[in-house]
Amino acid sequence: ANWDPNRKRWNFPIECLDRLRAIANEFGFAFKDLRDDKPVDLTLTFRKELRPFQKEAIKCAYYTGAWMVNFETGLGKTLTAIETLRSIEVKGLFNALVICPANVSLTWAGEIKKWWSNSPQVEIIQTGKQAEACSFKGLVICSYELAKKLSTPLSLSAMVFDESHYLKEARSGRSEFFSEFTKLFPNALKLHLTATPICDQPKDLWHQLDILWPKRFGSFYQFKDAYCNWRPNEWSVSGKEHYGVNEFRSAELANRLKHCSTRMTKKEAARWLPKCIISTQRVKGDKEFDVKALLKRVEKKDYVPDLDQLSRETGAFKFTSTIEQVEQDLANGATHVCVLTYFRDSAEQLSLALSKQLEVPVTHVDGTVVAAKRHGVLNEAKALPKNVLVCTMSSVIEGIDLTKYTEVVFSELYWQPKTLIQALGRFWRMNSQLPVNIRIILLQGSLDEVIALRVLTKMKDAGQVIKHGEADS
């Protein structure tokens, strides 16, 4: 809440209304709701391709001026944002800034061309010089990295932050820049798009929310104290280390988020999606160790000798199982099979091994393939009659459509739920009708079990605040 000295009254977020009414009744205070509840007058006719949940998100963004679109991957966040921009463009003078990861700038331009044939001029910022000379006429698409070099426009009608979880670190230079930049345009519509607002822990939410609604959720420390657990930490300035979610107040946070975001899961959108089966395949390796003991050491942040090397060794033990699974999928009639790893060298080794054993073309993609070329490489692979794609998760988790690959094998895991969820979302999307079969290979008695337990714990915490998606399950 904040005090308005001019009107001499306290202003409360709308999500506090029911609680305030209850307190007023309890103490006998008069309570009067002065909100204007007239339905929003949208002058646009929604296109037939939009689903009800997309229309609802557009209305909320248009009416409130600041909104988070939190659909699971593949449920049309980009189209929702484009239609939101169209809804305010009809008002008259219009210019908008779309901030996104560098590797999806061209994807954004393609989607605007596809869905908004008579759009204002589109300018893609790809160099520092272009950023400095930007005129902000029409639609400007810029990466998070180059945004700092943009000339400051006189006005902005709207700002869209794609993959808004890039702003989760409040103290990062990127986040501090956008905090100040958005304050320059208080009347601009602000829209956040993300399937994973909680990348690792619920405290990841605060800065994304604070950019949309400054001070609505208090300071970062107030937010953590209210909604996270904590334990003593002598090395922290506050003497506390915050983690997880406070289960006594998780329902309160979940309720508050409903008033400032639209969440849609694939379970809820099942009628518009193709069939998908996600399963785990447990295999035995030659090396075992005490999983419970290692898990305790990881939780306590004790020294664990070279976890990355241990992860690589775990992945290497699964190479044979991965190759056998790919061969089986091809033998069963699959034309496009994808194998995902976390480590770059794992992808390279698997790609070489599969190339030697298969007659089917094998395509290898990782972070060394620059974003500008990555889409071309993947499009060529998808166009082949048969193809096996071996790639690292990080190289395909944003702005990539891999629905052509109907058989998917996760050969390695990663500690952060966001990476796994985003990777899963590349194959199962609303724009495809191809059924997909996804297998996650786990090595028994290995680091895989530690990672899986940690990921499940983090997803359980996030699930108390945001509805679980199918990928979470």
Side-chain angles (χ1 to χ4, degrees), residues 101-103 200 280-289 291 294 298 303-327 329-330 336-358 360-378 380-381 387-398 400 402 405 407-424 426-427 438-452 454-455:
N103 61 328
D200 193 51
T280 55
Q281 182 176 324
R282 302 178 72 86
V283 298
K284 290 185 177 181
D286 300 326
K287 181 178 179 179
E288 293 191 7
F289 54 87
V291 174
L294 181 58
V298 170
Y303 173 69
V304 179
D306 203 351
L307 272 179
D308 279 357
Q309 182 57 34
L310 202 54
S311 297
R312 285 186 172 88
E313 291 176 5
T314 300
F317 278 118
K318 295 184 286 185
F319 280 5
T320 300
S321 299
T322 300
I323 293 170
E324 288 175 352
Q325 185 59 61
V326 172
E327 290 176 328
D329 289 337
L330 292 170
H336 288 73
V337 181
C338 181
V339 176
L340 293 114
T341 70
Y342 175 70
F343 293 104
R344 188 181 298 171
D345 48 355
S346 299
E348 186 175 354
Q349 292 172 38
L350 272 171
S351 178
L352 289 172
L354 286 166
S355 296
K356 292 178 181 178
Q357 292 189 222
L358 302 177
V360 175
V362 176
T363 301
H364 173 219
V365 172
D366 59 32
T368 60
V369 182
V370 294
K373 293 182 179 180
R374 201 174 302 164
H375 286 271
V377 171
L378 291 170
E380 288 178 7
N387 179 252
V388 172
L389 172 64
V390 183
C391 54
T392 55
M393 297 180 216
S394 59
S395 66
V396 297
I397 60 174
E398 294 165 347
I400 301 290
L402 295 177
Y405 293 86
E407 298 291 337
V408 183
V409 181
F410 277 75
S411 186
E412 292 179 334
L413 294 179
Y414 184 54
W415 299 94
Q416 201 171 71
K418 180 210 74 164
T419 303
L420 298 173
I421 292 169
Q422 292 274 15
L424 285 164
R426 301 304 101 201
F427 307 92
I438 299 173
R439 297 179 184 84
I440 301 172
I441 299 181
L442 297 175
L443 186 66
Q444 293 182 19
S446 76
L447 188 64
D448 274 356
E449 296 194 8
V450 179
I451 295 175
R454 289 285 289 170
V455 169

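Atom NZ of Lys356 sits about 10.5 Å away from atom CD1 of Ile323, to the nearest 0.5 Å. Rounding to the nearest 0.5 Å places CG of Leu442 at 5.5 Å from OG1 of Thr280. Distance check, rounded to the nearest 0.5 Å: CG of Leu330 to NE2 of His336 gives 10.5 Å. To the nearest 0.5 Å, atoms CG (Leu389) and CG (Leu378) are separated by 6.0 Å. Taking OH of Tyr414 as the reference point, atom CG of Leu420 lies at 9.5 Å (rounded to 0.5 Å). Thr392 contributes atom OG1, which lies 9.0 Å from atom CD1 of Ile397 (distance to the nearest 0.5 angstrom).
Of all non-hydrogen atoms in Ala381 and Tyr405, the two that sit nearest each other are CB-OH, 3.4 Å. Across all their heavy atoms, Val408 and Phe427 have their closest contact at CG2-CD2, 3.4 Å. Listed here is the closest heavy atom pair of Val326 and Val388: CG1-CG2, 4.0 Å. Across every non-hydrogen atom of Gln357 and Glu327, the tightest pair is NE2-OE2, 3.1 Å.
Looking at Gln422 and Met393, their side chains never come closer than 4.5 Å, going by heavy atoms from C-beta outward. At least one side-chain heavy atom of Leu340 sits under 4.5 Å from a side-chain heavy atom of Cys391. No side-chain heavy atom of Ser411 sits under 4.5 Å from any side-chain heavy atom of Ile441.
Of the possible polar contacts, one joining the Ser355 side chain to the Ser351 backbone as a donor-acceptor pair under 3.5 Å is found. Using modelled atom types, one side-chain atom of Arg426 and one backbone atom of Ile400 make a donor-acceptor pair closer than 3.5 Å.
With sequence neighbours excluded, the residues forming a side-chain hydrogen bond (donor to acceptor under 3.5 Å, both in side chains) with Glu412 are Ser346, listed by chain and number.
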Does Val283 form a side chain to side chain contact (heavy atoms under 4.5 Å, CB included) with Thr320? I'd like the steps, not just the answer.
CA-CA 10 Å; Val283 298; Thr320 300; over 6 Å; no
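Evaluation of the side chain to side chain donor-acceptor pair (under 3.5 Å) test over residues 367-377, restricted to residues two or more places apart or in two chains, returns Asp366-Thr368.
With 3.5 Å as the limit, one finds a donor-acceptor pair spanning the side chains of Gln325 and Asp329.
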